[in-house]
S.K.: 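Got a structure here, written out as structure tokens. Questions coming.
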Amino acid sequence: MKAVTWHGVKDVRVETVPDPQIVNPHDAIVRVTSTAICGSDLHIYNGYIPLMKPGDILGHEFMGIIEETGPEVRDLKPGDRVVVPFTISCGGCEPCSRELWSLCDNSNPNASVLERLYGYSGGGLYGYSHLYGGYAGGQAEYVRVPFADHGPIRVPESLRDEQVLFLSDIYPTGYQAAENCDIRDGDVIAVWGCGPVGQFAIRSAFMLGASRVIAIDRIPERLRMAQDAGAETVHHDDADVLEAIYEFTGGRGPDACIDAVGMEAHATTPDALADKAKQTLRLEFDRAHVLREAAQAIGKGGRLSIPGVYAGFIDKVPFGALFAKGVTIRMGQTHVPKYLGKLLNTISDGAIDPSFVITHTGTLDDAPRLYEMFTKKEEGFIKSFVRPRALQTTDETAGIERAVRIEAVS
Amino acid sequence: MARRSFERMALLLGTAGVAIVGVAVLRRRLTRPRAITQCLTIRAPRQTVNEFFRDGDRLSLALLGAGLQLQDTGLDARDDVITWDGGGVYLREAPGGRGTEVRLTLHTARKYPVKDAIRRAKAMLEAGEIPNGSYTR
């Protein structure tokens, strides 16, 4: 089969690799109909996630058709159309029983490695290094899905792939970020980062009752998309962010802040430049500029929600400010299955069409270029929607062997 | 002159002697069997966990996968303690109905991945299989 594989920093390739097989009795094989590149894939692309091996298959946002199931799979059958959460959950451990699906005790075969780093390990993830189990990812024609009865959700034929694919990660991630803000009527929420997760966090914050959302980014297209959702925007590099936020909130500060940026914050302030230098020299894991800014901006008794990925040690975060203001911090990988039913209903009901976030489409063959465009934020790139070449039935039936060009969605 | 070369020789001999004794002591310490204990909580009743560890085949599967070997399958089992030659499992109910706390002790001369053995047993009991990141057999 064809798959997108990692070979080094900023080196991803499309290669022919062996087809996946049923390895364990609870496995299923999914024929991928759609996949996408996530912002957290860029952390791998840019070399900030350790324990990648050349040839590892990337991707954790995918959906498709069940092709085959193992002997112990009970709920799914070949032919079912499913969206697969990016987190792998066994369904039988204590965290899974408490709906803390991303913290599954049993799905990471390399848990001992992560335990040495973090004390405890989270669950396995698709296409996200051998720290998280070394599972092959979904930027491929086929994927092996372990513990298939726990996580994948059947989706109705009436909804297009473009509408439901993002249930695999960014929509639930944005929603959990907003839910972690414990929003009450009238609350003002500030969201740093208007990439795909930030966009869904903004819309979810409104769904959960926020009266105003302040969106902060440095890319005009992203700020425009945030405005489309009703957010008030601050251009990070053109304004004094703290002053703007104080102004927007009548001097109270936001009731909650969302850091939808994470470890690769871009800014031109002295602390951000120092972060960049330290990260380059591997003296620091993460660039924490957004955390510092949010810690300063957040109001008294505020809630700080962090869906942006952080990997290790960070410097000079004003913990005293968080302490002095009695801030509650909530973070972590998304417990995707917890939200799937509820969020699928919001799509079926027409409350949201997640395809709004797609700016570029292509095939697996286009993936190396799409990674490059995404990391450089070229041509208004916000989110890709990728079809495996095998599904280009129009081209195939016409007998035309050509890659579909990357297309910008107007 | 003769006195200085005698002192140098004595220093050399002394250093060599200390090094030899040091290596011997270190080697003895490293190869002396010692008890390694690791603990995990398994989300299953104590009786179920007890039966798992009394089953020589399943226990061997958990231990072997972690690079360990069951030396003697002649188990001496009680409700909360199962011992065998070179090791033992101690079971205690976890608070809040969260299953069974499992302490696995192995007397071994090398640093074995004892926790991985319990982890495999936990996966077999809770998830019905041992996780595997490979996508082909």
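What you see is a predicted model, and the numbers here were worked out from it, not measured in a lab. Chain letters run A, B, ... following the sequence lines, proteins first, then strands; residues in each count from 1.
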S.K.: Give, as side chain, backbone, both or neither, the part of Asn110(A) having an atom under 4.5 angstrom from any heavy atom of chain B.
M.R.: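 For Asn110(A), no heavy atom lies under 4.5 Å from chain B.
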S.K.: For the residue pair Pro20(A) and Thr136(B), what are the closest heavy atoms and their distance?
M.R.: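 For Pro20(A) and Thr136(B), the tightest heavy-atom pair comes out as CA-CG2, 4.5 Å.
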S.K.: Nearest 0.5 Å, please: how far is CZ in Arg120(B) from CG in Asn106(A)?
M.R.: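 Answer rounded to 0.5 Å: 12.0 Å.
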S.K.: Considering non-hydrogen atoms only, spot the tightest contact between Tyr135(B) and Met1(A) and give its length.
M.R.: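 Of all heavy-atom pairs spanning Tyr135(B) and Met1(A), the closest is CE1-CE, 4.2 Å.
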S.K.: Quick one: which of His150(A), Arg144(A), His130(A) has the most heavy-atom pairs under 4.5 Å with chain B, could you say?
M.R.: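 Highest number of pairs under 4.5 Å: Arg144(A).
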S.K.: Between Lys122(B) and chain A, which part of the residue has a heavy atom less than 4.5 Å away: side chain, backbone, both or neither?
M.R.: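 The answer is both parts of Lys122(B).
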S.K.: Would you say that Asn132(B) contacts Pro109(A) through its side chain, given a criterion of any heavy-atom pair below 4.5 Å between the two side chains?
M.R.: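 No, side chains not in contact.
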S.K.: Would you call Arg43(B) and Asp105(A) a side-chain contact if the rule is heavy atoms closer than 4.5 Å?
M.R.: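 They are not in contact (no side-chain heavy atoms under 4.5 Å apart), so the answer is no.
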S.K.: Picking from Pro131(B), Gly99(B), Ala127(B), which has the most non-hydrogen pairs under 4.5 angstrom with chain A?
M.R.: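 If we count pairs closer than 4.5 Å to chain A, Pro131(B) comes out on top.
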S.K.: Under a 4.5 Å heavy-atom cut-off, does chain B meet the side chain of Ser107(A), its backbone, both or neither?
M.R.: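 Just its backbone gets close to chain B.
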S.K.: Under 4.5 Å, counting heavy-atom pairs only, tell me which of Cys104(A), Pro25(A), Gly133(A), Gly124(A) racks up the most with chain B.
M.R.: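 Of the options given, most contacts go to Pro25(A).
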S.K.: Show the nearest heavy-atom pair for residues Arg119(B) and Ala111(A), with the distance to one decimal.
M.R.: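 Nearest heavy atoms, Arg119(B) then Ala111(A): NH1-CB, 3.7 Å.
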S.K.: Minimum heavy-atom separation for Asn24(A) and Ile130(B), please, with both atom names.
M.R.: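 Where Asn24(A) meets Ile130(B) most closely, the heavy atoms are ND2-O, 2.8 Å.
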S.K.: At their closest point, which heavy atom of Val23(A) faces which heavy atom of Ser134(B), and how far apart are they?
M.R.: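 Shortest heavy-atom contact: CG2-O, 3.7 Å.
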S.K.: Has Tyr118(A) got more than 12 heavy atoms of other residues, nucleotides or ligands less than 6.0 Å from its OH?
M.R.: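 Enclosed: over 12 neighbouring heavy atoms sit under 6.0 Å from OH of Tyr118(A).
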S.K.: Counting only heavy atoms closer than 4.5 Å, note whether Ile22(A) contacts chain B via side chain, backbone, both or neither.
M.R.: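 The answer is both parts of Ile22(A).
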S.K.: For Arg98(B), is it the side chain, the backbone, both or neither that has a heavy atom under 4.5 Å from a heavy atom of chain A?
M.R.: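 Just the side chain, heavy atoms under 4.5 Å.
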S.K.: What part of Leu125(B) is in contact with chain A, defined as an atom under 4.5 angstrom from a non-hydrogen atom: side chain, backbone, both or neither?
M.R.: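 Neither part, no heavy atoms under 4.5 Å.
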S.K.: Select all residues of residues 71-96 of chain A having any heavy atom within less than 4.5 Å of some heavy atom of chain B, and report them by number, or 'none'.
M.R.: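 Within residues 71-96 of chain A, near chain B: Cys90(A), Gly92(A), Cys93(A), Glu94(A).
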